[in-house]
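See structure below.
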Amino acid sequence: MREKHKSADNPSPQYNHTLRKKMRNSLQLDPAETESLLAAGTPYVIRIKLEPDEEVTFTDMIRGTVTFNTTGIDDKVLLKADGMPTYHLAVVVDDHLMEITHAFRGEEWLPSAPVHILLWRYLFGEDKMPEWAHLPLILKPDGNGKLSKRDGDRLGFPVFAMNWTDPRTKEPATGFRETGFLPVAFVNLLAVLGWNDGSNQELYTMEELIEKFSMDRVHKGGAKFDFEKAKWFNHEWIKRLPASAYSATVLELFRAQGIDIPEADLPKPIDRGDLPLPVTITTDVAGFPAMDDSELWLSLAAERPAPNRFETILDLVKDRCTLLPDFVQQSAFFFRPPVTIDIDAVKPKWTDGKKLFFVELIRQLELAQTWEGPALETNFKEMAAAAAIKPGELLLPLRVMLVGGKFGPHVFDIAALLGREETVRRIKHSLGLLA
RNA sequence: GCCGCGUUGGUCAAUCGGUUAAGACGCCUCCCUUUCACGGAGGAAUGAGGGGUUCGACUCCCCUACGCGGUACCA
């Protein structure tokens, strides 16, 4: 019926005060005919009836006063032919029953806001209506338009906070959490996408956000999503939080990769019964935001005296980690010998002199009184001087022998954490490969 | 088509009439580091266009352009 009113000029004719007069409906039909149609079970919908040329004005927390003229709005369907309400009816009734005081939604809802305002007026009274805020949209990084799951798939980044499967299409989607984002970082990056407090600050804890966030500084225009910047936020949070804040999560990642961390390396399990109930957390470590419950408890024990090897290692490599899974790549060699050894990085410059040096090194390491990074380094450099080889010529081979490649923290920190036995074993193994 | 909302470097953005137009991400150079990073110091890069108002406009007004959102018995 409505189809015949479509034209090239107006591809989407409105069902409004003008058009409804040309259609078959209860407003045009004889009441008796309507009754008989109803009695015969003819399908029907119920629409809102808008008066022509009426101004609907409301206040939006972000946009201020917004005005629409009813002439430009359809008589929206409220109750569908199957008896189910449309969103328009449902939100209003829902918000009323739930006594909603503030309604936040995306900007795409702005055009239908007047319908909802009118519904409030007709049904419950505008005085009971919630305050409105229509948030700017997050746009796709390239081109224009709002960010969608497809863009994430196409460009290789998550668009949802957590993993979820679309109930309609059954399509799975990877979340920020599963990609390796810290909850604090995610909330932080989202908060400053379309808002800032006027200062140069970019990193905010949850507490600071609660204190400083204000609707009047939320932008009206949408912001393009930049995954590089998103990763930067996560990197910053990984760096500034102690490893104990996320070690439990990282432990799971190691296990998922089939790398088991010995019990002795892990932080001692906390007996929750012994801890007082956390009310307020005050620490000087950047406000120390809570993650989830278990991490909250862990963080409470952050000042625990006994350091554990696992978190010590995590703290040692965290500068190199942008996403949580990076920890596995950056520190797996601490827990099991490197799978591959980049021996080609050493071979071209390998000499008999160096070989002799390492043989002697093994002997000395086995004899060493103590096993600490600085002492190991001093001794190593003295040996290099004695052998008349520049330390730099020997440092890289040692690194490759211990970690398998040209990466990782300070070599002697690694050796210290690896322990005498494992250090010697790895040097011997590589010497074998070089023979 | 119509209605609404927007428009400062590649991106996020400050500025609420007077600044050399901040800062951050990314990019480039250098320093530190005998690995990879972190860190430090620099660099390139911005007011969509046109009219007004004003002593003075990125900032206020109008027009145009462009973008986005909506225009469903989807949300």
Side-chain angles (χ1 to χ4, degrees), chain A residues 2 6-16 43-47 60 62-64 66-74 76-91 105-115 134 136-146 168 189 192-203 216-217 219-233 235-236 238-239 316-322 326 329-330 342 345 381 384 389-400 402-403 405-411 414:
Chain A
R2 196 172 170 185
K6 284 193 180 178
S7 65
D9 232 28
N10 185 354
S12 191
Q14 286 180 300
Y15 188 109
N16 59 16
Y44 66 95
V45 299
I46 295 178
R47 291 175 180 270
D60 182 283
I62 297 168
R63 288 149 216 283
V66 182
T67 303
F68 285 86
N69 189 295
T70 49
T71 302
I73 307 166
D74 297 271
K76 295 281 186 200
V77 170
L78 299 181
L79 214 56
K80 301 190 268 187
D82 63 4
M84 291 294 284
T86 59
Y87 172 79
H88 303 299
L89 213 213
V91 253
R105 42 161 42 164
E107 191 188 356
E108 70 264 40
W109 289 106
L110 200 51
S112 45
V115 174
H134 290 87
L137 266 17
I138 297 178
L139 277 16
K140 55 185 71 182
D142 55 346
N144 293 298
K146 56 178 174 178
R168 212 171 298 227
L189 74 91
V192 298
L193 198 58
W195 170 87
N196 73 82
D197 68 358
S199 75
N200 281 343
Q201 187 173 355
E202 292 199 276
L203 267 7
D216 55 303
R217 287 198 63 96
H219 291 26
K220 295 184 181 74
K224 287 186 182 179
F225 180 71
D226 182 358
F227 191 51
E228 291 306 315
K229 183 95 183 207
K231 284 192 290 189
W232 175 79
F233 277 104
H235 190 194
E236 288 300 315
I238 284 178
K239 279 189 296 183
L316 193 62
V317 303
K318 66 184 181 185
D319 283 354
R320 298 164 173 77
C321 300
T322 299
D326 294 341
Q329 209 209 12
Q330 288 294 328
D342 186 10
K381 288 188 171 164
I389 304 177
K390 278 186 280 187
E393 294 283 307
L394 299 162
L395 250 18
L396 185 70
L398 179 60
R399 169 178 299 283
V400 172
L402 298 186
V403 326
K406 295 188 281 185
F407 68 96
H410 195 53
V411 233
I414 294 171

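We name chains A, B, ... by the order of the sequence lines, and we start the count at 1 in each one. The figures here come from the full heavy-atom set of this structure, side chains too, leaving out hydrogens, waters and symmetry mates.
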Tell me every residue that passes ring-ring contact (aromatic ring centres under 6.0 Å, His included) with A:H88, counting only those two or more places apart in sequence or in another chain.
A:H116
Throw together a table of side-chain donor-acceptor distances under 3.5 angstrom for residues 219-227 of chain A, partners on residues two or more places apart or in other chains.
| residue | atom | partner | partner atom | Å |
| --- | --- | --- | --- | --- |
| A:H219 | ND1 | A:G194 | O | 3.4 |
| A:K224 | NZ | A:G143 | O | 3.4 |
| A:D226 | OD1 | A:E228 | N | 3.1 |

A:E236: which residues meet the salt bridge (charged side-chain N to carboxylate O under 4.0 Å, His left out) condition with it, sequence neighbours left out?
A:K239, A:R240
Partners of A:D197 by side-chain hydrogen bond (donor to acceptor under 3.5 Å, both in side chains), sequence neighbours excluded?
A:S199, A:Y204
Excluding sequence neighbours, so at least two apart, what forms side-chain hydrogen bond (donor to acceptor under 3.5 Å, both in side chains) with A:K381?
A:E377
Among all residues two or more places apart in sequence or in another chain, which pass the salt bridge (charged side-chain N to carboxylate O under 4.0 Å, His left out) test with A:D142?
A:R154
Mind telling me whether B:C38 is syn or anti, cutoff 90° either side of 0?
syn
Report, one pair per line, the protein and nucleotides 39-45 of chain B atoms (nitrogen or oxygen only) whose separation is under 3.5 Å.
| residue | atom | partner | partner atom | Å |
| --- | --- | --- | --- | --- |
| B:G39 | OP1 | A:K239 | NZ | 3.0 |

Taking only side-chain nitrogens and oxygens of A:R47, does any of them come within less than 4.0 Å of OP1 or OP2 of B:C73?
yes
List the protein contact pattern of nucleotides 6-12 of chain B with one symbol per nucleotide (5' to 3'): B for base contact, S for sugar-phosphate-only contact, - for none; contact means a heavy-atom distance under 4.0 Å.
S----SS
With A:D216 via side-chain contact (heavy atoms from CB on, under 4.5 Å) - residues at least two apart:
A:S214
Residues two or more places apart in sequence or in another chain: which of them pass side-chain hydrogen bond (donor to acceptor under 3.5 Å, both in side chains) with A:K76?
none
Can you name the ring-ring contact (aromatic ring centres under 6.0 Å, His included) partners of A:Y44, sequence neighbours left out?
none
For RNA chain B, report each stem as range with range, ordered by first number, or say none. Use Watson-Crick or G-U wobble pairs under 3.5 Å, at least 3 in a row.
B:1-7 with B:65-71, B:10-12 with B:23-25, B:27-31 with B:39-43, B:48-52 with B:60-64
